[in-house]
Amino acid sequence: IIMTALSCLVAFTAWAQTDRISAIGYVVADIDRSETFYTEVLGMRPAGSFSLDATWSQEAGAAGGRPFSVKMFRLGDGPDATLLKLAYFESTTPRPPQEGLDSPAGVNYLTLNYRDLQPVVDRLREAGIPVVGYVRRERYQLLFIRDPDGLFIELVGSPDPPVLPD
């Protein structure tokens, strides 16, 4: 009995572990606007796309049998970098407005780390995207912005040089 319990514990431990998040996905209202934001402003790289038909959607239980498409963007370097998967439908219900991170609205924010925040901040200014908040501390600086669908995006980098006035 002890050996059986130990075997089950070892098997469960191996099964329950993962070494990374492979992708983060959410639905966007306007894929062209979102693609421009994530590539030209945040600097992500396109990583492919695919479409799923109504049969797949029904079998997977993923979208109530509605066909949809996905565009993927790489969140770092290398083949193991996390993918951001933006799903889009022929029509969607807009996401309810989110006033802050304290609402249970599904995904509330994404955090992206940059070696150098300044080029991103420069692209934000060029695109006219407002900064919602900025914090600079001894070990980091971060700013919050919103994507085209209102999702909060936290951009994090080293504290120096400061990218915005304190």
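The structure presented is a predicted model; accordingly, all values stated were derived computationally and were not measured.
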Would you find a donor on one side and an acceptor on the other, under 3.5 Å apart, between the side chain of Arg33 and the backbone of Pro148?
yes

Quick one: which of Asp30, Ile31, Asp32 gives a side-chain contact (heavy atoms from CB on, under 4.5 Å) with Val28?
Ile31

Let's go through Phe68 and Glu90 carefully: what are the C-alpha distance in whole Å and the side-chain angles of both, what is the deciding distance for side-chain contact (heavy atoms from CB on, under 4.5 Å) to 0.1 Å, and is it a yes or a no?
CA-CA 7 Å; Phe68 64 99; Glu90 191 172 300; over 6 Å; no

Check: Ile145 and Leu124 side chains under 4.5 Å, non-hydrogen atoms:
yes

I'd like to know if Arg123 and Glu40 make a salt bridge, using a cut-off of under 4.0 Å between side-chain N and carboxylate O.
no

Is any side-chain heavy atom of Leu110 closer than 4.5 Å to one of Tyr26?
yes

A side-chain contact here means heavy atoms from C-beta on lying under 4.5 Å apart; do Val41 and Ile129 qualify?
yes

Reference residue Met72; test side-chain contact (heavy atoms from CB on, under 4.5 Å); the match among Lys85, Arg45, Met44
Lys85

Please check if the side chain of Tyr114 supplies one atom and the backbone of Leu42 the other of a donor-acceptor pair under 3.5 Å.
yes

As a quick check of understanding, evaluate side-chain contact (heavy atoms from CB on, under 4.5 Å) for Val121 and Leu143, giving each step before the final call.
CA-CA 9 Å; Val121 171; Leu143 50 129; 4.0 Å; yes

What's the separation between atom CG in Asn113 and atom OH in Tyr140, rounded to the nearest 0.5 Å?
12.0 Å

Heavy-atom pair of closest approach, residues Gln118 and Pro162
OE1-O, 4.2 Å

Working for side-chain contact (heavy atoms from CB on, under 4.5 Å), residues Val131 and Phe144:
CA-CA 6 Å; Val131 172; Phe144 274 98; over 6 Å; no

Are any of the side-chain nitrogens in Asp53 or Arg66 under 4.0 Å away from the carboxylate oxygens of its partner?
no

Are the side chain of Ser57 and the backbone of Gly65 linked by a donor-acceptor contact shorter than 3.5 Å?
yes

State, with a plain yes or no, whether a side-chain heavy atom of Leu112 is found less than 4.5 Å away from one of Leu75.
yes

Any side-chain heavy-atom pair from Phe73 and Leu83 closer than 4.5 angstrom?
no

Reported OG1-to-CD1 distance for the pair Thr111 and Ile153, which is rounded to 0.5 angstrom:
8.5 Å

So do the side chains of Ser49 and Val70 get within less than 4.5 Å of each other, counting heavy atoms only?
no

Is there a donor-acceptor contact under 3.5 Å from the side chain of Arg136 to the main chain of Gln141?
no

Of all the heavy-atom pairs spanning Leu86 and Tyr38, show the shortest one and how long it is.
CD1-CD1, 3.8 Å

Which residue pairs pass the salt bridge (Lys or Arg N to Asp or Glu O under 4.0 Å) test with at least one member in residues 141-154, sequence neighbours excluded?
none

Going through the distances and angles, do Val27 and Phe89 end up as a side-chain contact (heavy atoms from CB on, under 4.5 Å)?
CA-CA 8 Å; Val27 175; Phe89 293 80; 3.9 Å; yes

Find the distance between CH2 (Trp56) and CZ (Phe50) and round it off to the nearest 0.5 Å.
7.0 Å

